[in-house]
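The structure under discussion appears below in the form of structure tokens.
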Amino acid sequence: MGGGGREHALCWALQRDASAATHDLELFAAPGNPGTAALATNLPIAATAIDDLVAAVQHQAIDLTVVGPEAPLAAGLADRLHAIRAHVFGPTAAAARLESSKAYAKEVMRRAAVPTAASETFTDAAAARDYIRGRREPLVVKASGLAAGKGAVVCATRAEASDVARTMLSGTALGEAGREIVIEDYVEGEELSVLALTDGEQVLILPPAQDHKRLGEGDTGPNTGGMGAYCPVSLATDALLARVRRDVFEPVLREMAAQGALYEGVLYAGLMLQADGTPCVLEFNCRFGDPETQAVLPVLPEGWTAHLAAIAARRWTGPPAALAAQRTAVTTVLAARGYPDAPEQGAPIVLPAAAALGDRVIVFHAGTTRDPQGALRTAGGRVLSVTGLGGDVAAAAAASAEACARIEFPGKTWRRDIAWRETRRARAGAA
Ligand code: GLY
């Protein structure tokens, strides 16, 4: 369920595993996009139309539902599918609160003693202002509710933080999502996205990825949903992942179970690695990341999607602790002119055939559509995710950048420096 680059990548992974195992797979995407249409039957159902999605699962006798976006999970899609005994990979609404309420996530982390920045939650602007007065700059003001990636604002000064807090709480900036806010100390470091599959108790950590949230090269310009990602990340050593398992995933899952909100699905921990290597949790997401998924899934060993089916069927026994990356992937997002504020729509896309781009490139569709004549056009902020594969980060980055240069549409906006930190580390290591 869903219709972006993440969901195209999930379809690609499910189809790859079915082909490798030579078993038949009939795949549906709701609503999907022109990319998933090449692998699946697209059903014209929005990912938020819960009743219609449940009806489609029944009507098509779907064996396994994998939910991409957070909104249907927060709205209880998994609960509804459990109620009709359908197998679903994704948390219940109660468990998805780890993403849909930042205030709740902070409370869970506090109870589970998970390392995270000091914070307080507010619904009143005067109380928020008083708290801000006593904190050190910079500060982060977060809408507690779902805000499509626009809910966290880094504020250089206390005055700015007070303004942002007041505007969010008034409901004018982000509607109901901002009526409750979390004010958090700013944490310095390097971000890391660690995704783990879980049945609420056992944990299988996927190779971590690093997202690039800023629009411009060198991490400049406005925040976006993500302009690119790469996987694996050399900072994510086995020792670090063991620590993240022990200090983050296991205590949070225990706390969720203790609260009667067993967490099943993929849990995404957005970490900040501080200068001394200590991981600090910035946020949890209740789903696969986008664009991280487009970089992580292509490096996983064939057959890994069996874990999704086993978790959904509640017969997951003895999973490995982690999956190792089989190669390196660098994913570059091609965005529309005007992204993230007002992306242009409808520009014609010239996309070379997959064979012409070569077997080291996978193009995942995100914001694309086909016009009545069948021509591909832009239909969203992030248009395509272009994953380059290689034996190392330099080869993967070059494959991605070469393919990006060959794809054309008016207003094409992209960063040529995805994975720059890892490339710099690799060069320093070789010198
Ligand atoms: N790439 C960030 C996210 O999926 O929320």
Side-chain angles (χ1 to χ4, degrees), residues 1-10 13 47 66-74 89-91 96-102 105 140 142-154 174 177 182 184 189-197 206-215 219 221-233 236 248 265-273 281-299 329-335 339-340 364 366-367 380-387 400 414-415 418-419 421-422:
M1 285 168 180
R6 165 184 51 206
E7 289 77 17
H8 187 182
L10 283 162
V66 181
V67 186
E70 62 278 16
L73 293 165
F89 181 81
R97 286 185 74 210
L98 273 183
E99 175 168 1
S100 65
S101 168
K102 307 292 175 241
V140 185
K142 290 181 176 172
S144 185
L146 294 179
K150 298 200 170 106
V153 183
V154 177
L174 299 167
V182 172
E184 195 176 74
E190 192 164 335
E191 285 191 40
L192 190 70
S193 306
V194 188
L195 281 67
L197 309 185
L206 304 184
Q210 190 168 64
D211 192 6
H212 298 61
K213 295 252 170 51
R214 301 296 196 107
L215 181 69
D219 293 331
N223 259 328
T224 70
M227 292 299 289
Y230 66 94
C231 176
V233 182
V248 177
V266 59
L267 182 56
Y268 166 144
L271 304 179
M272 188 65 91
L273 295 185
V281 177
L282 297 182
E283 63 173 358
F284 286 117
N285 292 318
C286 64
R287 50 166 175 85
F288 287 97
D290 191 335
E292 288 95 327
T293 303
Q294 295 91 302
V296 174
L297 304 197
V299 309
V330 173
T331 299
T332 307
V333 167
L334 297 181
Y339 179 70
F364 296 115
R382 291 186 289 174
V383 177
L384 296 163
S385 302
V386 182
T387 297
S400 176
W414 58 296
R415 285 180 58 167
I418 301 302
R421 286 191 179 83
E422 190 69 21

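We count ligands from 1, going down the list as the structure has it; atoms in each ligand are counted the same way. Nothing fancy with the numbering, it's 1 onward along the sequence. None of these values were measured; they are calculated from a predicted model.
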- Query: Would Ser385 and Gln294 count as a side chain to side chain donor-acceptor pair (under 3.5 Å) if you check the C-alpha gap in whole Å, the side-chain angles of each, and the deciding distance to 0.1 Å?
  - Reply: CA-CA 7 Å; Ser385 302; Gln294 295 91 302; 3.1 Å; yes
- Query: Just wondering, do Leu267 and Leu98 contact through their side chains at under 4.5 Å, heavy atoms?
  - Reply: yes
- Task: Would you please name every residue forming a side-chain contact (heavy atoms from CB on, under 4.5 Å) with Glu7, sequence neighbours left out?
- Result: Pro69
- May I ask you to test the Val67-Phe288 pair for a side-chain heavy-atom distance under 4.5 Å? no
- Expected contact list for ligand 1 at under 4.0 angstrom, heavy-atom basis, is Asp211, Lys213, Gly225, Tyr268, Asn285, Arg287, Gly289, Asp290, Pro291, Glu292
- Task: Please identify each residue that fulfils salt bridge (charged side-chain N to carboxylate O under 4.0 Å, His left out) with Glu184, with sequence neighbours left out.
- Result: Lys106, Lys142
- Under the salt bridge (charged side-chain N to carboxylate O under 4.0 Å, His left out) rule, collect the residues that match up with Lys150, sequence neighbours excluded. none
